[in-house]
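Following: one structure in structure tokens, then a few remarks.
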Amino acid sequence: MSSRMNVSCLPETKRVAVFGGTHGNEMSGIMLINMWIQNATEIKRNGLLTKPFIGNPRAVEKCTRYIDTDLNRAFTPENLSSPDEGLPYEVQRAKEINQMFGPKGSSDAYDVIFDLHNTTSNMGSTLILESLEVGPQPQGVLRSNVFESMRTIMKHALDFLELFNSGVEFPPCTVEVFRVQERMDYPRDINGNISAMVHPHLQDCDWEPLNRGDPMFLTFDGRTILYEGTNTVYPTFINEAAYYEKQQAFVTTCREKLAANAIRKASK
């Protein structure tokens, strides 16, 4: 048994929400949620109320990322406290979701929310704070391997919560993480138009080291633009389709190891 000094005691998890369709063209989460709405047996666990939920039904119906604005960026304090009249669809939807599963920071809020996303980048299965990204998968396309990967991750996540609630103590461990540093835009001309592509040596190399002097972009006339940073970084979201409008070619991260205490359910 672990030393009591090194154990973090956390509240029991009682209510879990699983979101899909926050972006209406990310098909794995949408299909899983619709499947679980029809038959929730797969996501039932002892002592847990698990609710599957489609975040942006209008965007799902049109198989587009969003209708008026990105729902994933709409949960700001300003939006959630704004009057209801004349709001963009996704801002109104964010307010509705906040009331159903929150409000944020309140004692009535759900204990855990899993938000299922797909990426066009070659990121594999990635946990991002409260979100889950699995790729690569084109927008509006369903791939069986990505679907099954996301399904398996959710099974393990819910199994973990059930074990935690039952009183199982999980031992201390170290966790490798990638901390976001900088968002890198594509090279642009004086009119703001993209003037270079992600270099083929970087394309699909999410989580791999990018060192000073490595190829980063390739201009349309064949010139290579090198990475000039002083430290090795680990790019991800490389050439993500949804981020062209956000002027982002990829993000750089640094690799770290975090030490985690043992955890168990707090005594009542």
- Scan residues 188-202 for pairs that pass salt bridge (Lys or Arg N to Asp or Glu O under 4.0 Å), counting only residues two or more places apart or in two chains. D185-R188
- What is the minimum heavy-atom distance between L116 and V18, and which atoms define it? CD1-CG1, 3.8 Å
- Query: Which atoms form the tightest heavy-atom contact between Q137 and M27, and what is the distance?
  - Reply: NE2-N, 3.8 Å
- Is the backbone of N25 close enough, under 3.5 Å, to the side chain of H23 for a donor and an acceptor to pair up by distance? no
- Task: Using salt bridge (Lys or Arg N to Asp or Glu O under 4.0 Å) as the criterion, list what pairs up with R255, not counting sequence neighbours.
- Result: E176
- Can any side-chain N or O of R15 pair as donor or acceptor with the backbone N or O of D111 at less than 3.5 Å? no
- Item | Side-chain donor/acceptor of S149 to backbone N/O of N145, under 3.5 Å | no
- Looking only at heavy atoms, the pair that brings A241 and T120 closest together is N-OG1, 2.9 Å
- Within the distance-only criterion (no hydrogens, no angle test), does the side chain of T119 pair as donor or acceptor with the backbone N or O of S121 below 3.5 angstrom? yes
- Query: Is there a side-chain contact between E61 and P57, using heavy atoms and a 4.5 Å cut-off?
  - Reply: no
- Message: Do I43 and M31 land in one hydrophobic cluster if side-chain heavy atoms of ILVMFWY residues count as linked below 4.5 Å?
- Response: yes
- Using salt bridge (Lys or Arg N to Asp or Glu O under 4.0 Å) as the criterion, list what pairs up with E96, not counting sequence neighbours. R93
- Keeping the roles fixed (side chain from N118, backbone from S28), state whether a donor-acceptor pair exists under 3.5 Å. yes
- Item | CG on D206 to CD on E240, rounded to 0.5 Å | 9.5 Å
- Query: How is the hydrophobic cluster of Y186 composed, in terms of its other members, when Ile, Leu, Val, Met, Phe, Trp and Tyr link through side-chain heavy atoms under 4.5 Å apart, directly or indirectly?
  - Reply: M184, I194, M197, V198, L202, L210, M216, F217, L218, F220, I225, Y227, V233, I238, Y244, F250
- Item | Derivation of the side-chain contact (heavy atoms from CB on, under 4.5 Å) call for E182 and V251 | CA-CA 6 Å; E182 186 178 2; V251 298; over 6 Å; no
- Task: Would you mind reporting whether F53 and I97 have side-chain heavy atoms less than 4.5 Å apart?
- Result: yes
- Does a side-chain heavy-atom distance below 4.5 Å link R264 with V168? no
- Message: Check for me, please, whether L132 and I30 land in the same ILVMFWY cluster - side-chain distances under 4.5 Å, paths through other members count.
- Response: yes
- Got more than 12 heavy atoms from elsewhere within 6.0 Å of CD, Q181? yes
- Hey, does the side chain of N39 reach the backbone of W36 with a donor-acceptor pair shorter than 3.5 angstrom? no
- Message: If you define the side chain from C-beta out and look only at heavy atoms, does anything of V7 sit under 4.5 Å from C9?
- Response: yes
- Query: If Ile, Leu, Val, Met, Phe, Trp and Tyr residues are connected whenever their side-chain heavy atoms lie under 4.5 Å apart, and connections chain through other members, are V141 and I33 in the same group?
  - Reply: no
- Summary of side chain to side chain donor-acceptor pair (under 3.5 Å) pairs that have at least one residue in residues 48-60, sequence neighbours excluded: N56-E90
- When clusters are formed by joining ILVMFWY residues with side-chain heavy atoms under 4.5 Å apart, either directly or through shared neighbours, do L142 and V134 land in the same one? yes
- Message: Would you compute the distance between atom SG of C254 and atom CG of N231 and round it to the nearest 0.5 angstrom?
- Response: 9.0 Å
- Note on the structure: CZ of R45 to CG of L163, rounded to nearest 0.5 Å, is 9.5 Å
- Message: How long is the straight-line distance from OG of S166 back to CG of L161, given to the nearest 0.5 Å?
- Response: 11.0 Å
- E169 and A262: which non-hydrogen atoms are nearest, and at how many Å? OE2-CB, 4.0 Å
- Note on the structure: Between the CD atom in E42 and the CG atom in L32, the distance rounded to the nearest 0.5 Å is 7.5 Å
- Query: Can you find a heavy atom in the side chain of M154 that is under 4.5 Å from one in the side chain of F114?
  - Reply: yes
- Task: Output every pair passing salt bridge (Lys or Arg N to Asp or Glu O under 4.0 Å) with a member in residues 69-87, not counting sequence neighbours, ordered by first then second residue.
- Result: R65-D70, D70-R73, D70-K246, D84-K95
- Item | Parallel, tilted or perpendicular: ring planes of Y110 versus F101, cut at 30 and 60 degrees | perpendicular
- Message: Could you report the tightest heavy-atom contact between L48 and L158, atom names first, then the distance?
- Response: CD1-O, 4.2 Å
- Message: Testing the 3.5 Å rule here: is there a donor-acceptor pair between the side chains of N72 and T22?
- Response: no
- Separation between CG (N191) and CG (N193), nearest 0.5 Å, reads 5.5 Å
- Note on the structure: The residue among N79, I67, D68, L71 that forms side-chain contact (heavy atoms from CB on, under 4.5 Å) with P88 is D68
- Query: Can you list the steps and then say if I54 with V60 is a side-chain contact (heavy atoms from CB on, under 4.5 Å)?
  - Reply: CA-CA 8 Å; I54 291 290; V60 169; 4.0 Å; yes
- Task: State whether the number of non-hydrogen atoms from other residues, nucleotides or ligands found under 6.0 Å of E228 atom CD is greater than 12.
- Result: no
- Looking only at atom types and distance, does a side-chain atom of W207 sit under 3.5 Å from a main-chain N or O of P235, one as donor and one as acceptor? no
- Flag the pair Y243 / F237 as yes when their ring centroid distance falls below 6.0 Å, and as no otherwise. yes
- Side-chain (K265) to main-chain (N165) donor-acceptor, under 3.5 angstrom: yes
- Under a single-linkage definition using a 4.5 Å side-chain heavy-atom cutoff for Ile, Leu, Val, Met, Phe, Trp and Tyr, are V16 and I153 assigned to the same hydrophobic cluster? yes
- Query: Of all heavy-atom pairs between T253 and V180, which one has the smallest distance, and what is that distance?
  - Reply: CG2-CA, 4.0 Å
